Amino acid sequence: MSVFIASDHAGFELKSYLQTQFNLLDLGTHDKESCDYPIFAKRLAVRLKNDDKGILICGTGIGMSIAANRFKNIRAALCFNEEMAALARQHNDANIIVLGARIISQETAKNCVEKFLSTDFEGGRHQRRLELIEG
Ligand code: RB5
C-alpha cells in the first residue's frame, strides 16, 4: 500500500507537518503560493490503485472532498476527529481522508491519519451500501 498526499496552499503547512510523521508520497503543492485545489485532488485521485490511500488537505477540506469524489473508485471522507477517521474506513471503505487545515489542529490531523491508516473496512452490510452507490 502506498500513501499519497496533496494539498493546496492552505494545506501546505499541515502537509509538511504530516510528512514528518508518516511515510508519504508527495504530489504537491510545494509552497504557499496560491493555487487551485481541484488540480491536486485530480492528481492524487488518478494515482490511487488497489489498496493505496490518499490524504488531501485544503482550508476547510470541503473543496478537496467535492473534487476528489468526482473520480471513479474514489471514496473521499472529510474527517474532523479520530472517530470519523475510523468510521470512514470501517463503514465507508474510504480510500482518501480529507482534512481542513484551517479547521483542525496538527495533532488532531495526525491522530486522524494514524487511525485512518490502521483501520480496516468491516464489509458485510456496508459493502452492500457501497455497491448501491455505484448504481
Ligand atoms: C483557499 O482559500 C480555500 O478556498 C481552499 O483551501 C478550500 O478551503 C476550498 O474548499
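Ligands are counted one by one from 1 in listed order, and the atoms in each one are counted from 1 as well. Not measured: the values here are computed from a predicted model. The first residue of the sequence shown is numbered 1, and numbering continues consecutively from there.
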Kindly compute the distance separating NZ (K115) from SG (C79), expressed to the nearest 0.5 Å. 12.0 Å
I need the I5 CD1 to N23 CG distance, nearest 0.5 Å. 11.5 Å
Euclidean distance, S65 OG relative to I74 CD1, rounded to 0.5 Å: 12.0 Å
Examine L24 and L56 and state if one hydrophobic cluster contains both, with Ile, Leu, Val, Met, Phe, Trp and Tyr joined whenever side-chain heavy atoms are less than 4.5 Å apart. yes
Based purely on interatomic distance, does Y37 place a nitrogen or oxygen under 3.5 Å from a nitrogen or oxygen of ligand 1? no
Need the ligand 1 atom indices (1-based, order shown) with element for anything under 4.0 Å from a heavy-atom of H9. 1 (C), 2 (O)
Need the ligand 1 atom indices (1-based, order shown) with element for anything under 4.0 Å from a heavy-atom of G59. 5 (C), 6 (O), 7 (C), 8 (O)
Using a 3.5 Å cut-off on N or O atoms only, is G63 in polar contact with ligand 1? yes
Separation between CG (N95) and CG (L44), nearest 0.5 Å, reads 9.0 Å
Report yes if I62 has an N/O atom closer than 3.5 Å to an N/O atom of ligand 1; otherwise report no. no
For ligand 1, note which part of T60 has a heavy atom under 4.0 Å away: side chain, backbone, both or neither. both
Under 4.0 Å, heavy-atom basis, I'd like to know which part of A10 is in contact with ligand 1: side chain, backbone, both or neither. side chain
Record the part of M64 in heavy-atom contact with ligand 1 below 4.0 Å; permitted values are side chain, backbone, both and neither. neither
When you look at CZ of R47, are more than 12 heavy atoms from neighbouring residues, nucleotides or ligands closer to it than 6.0 Å? no
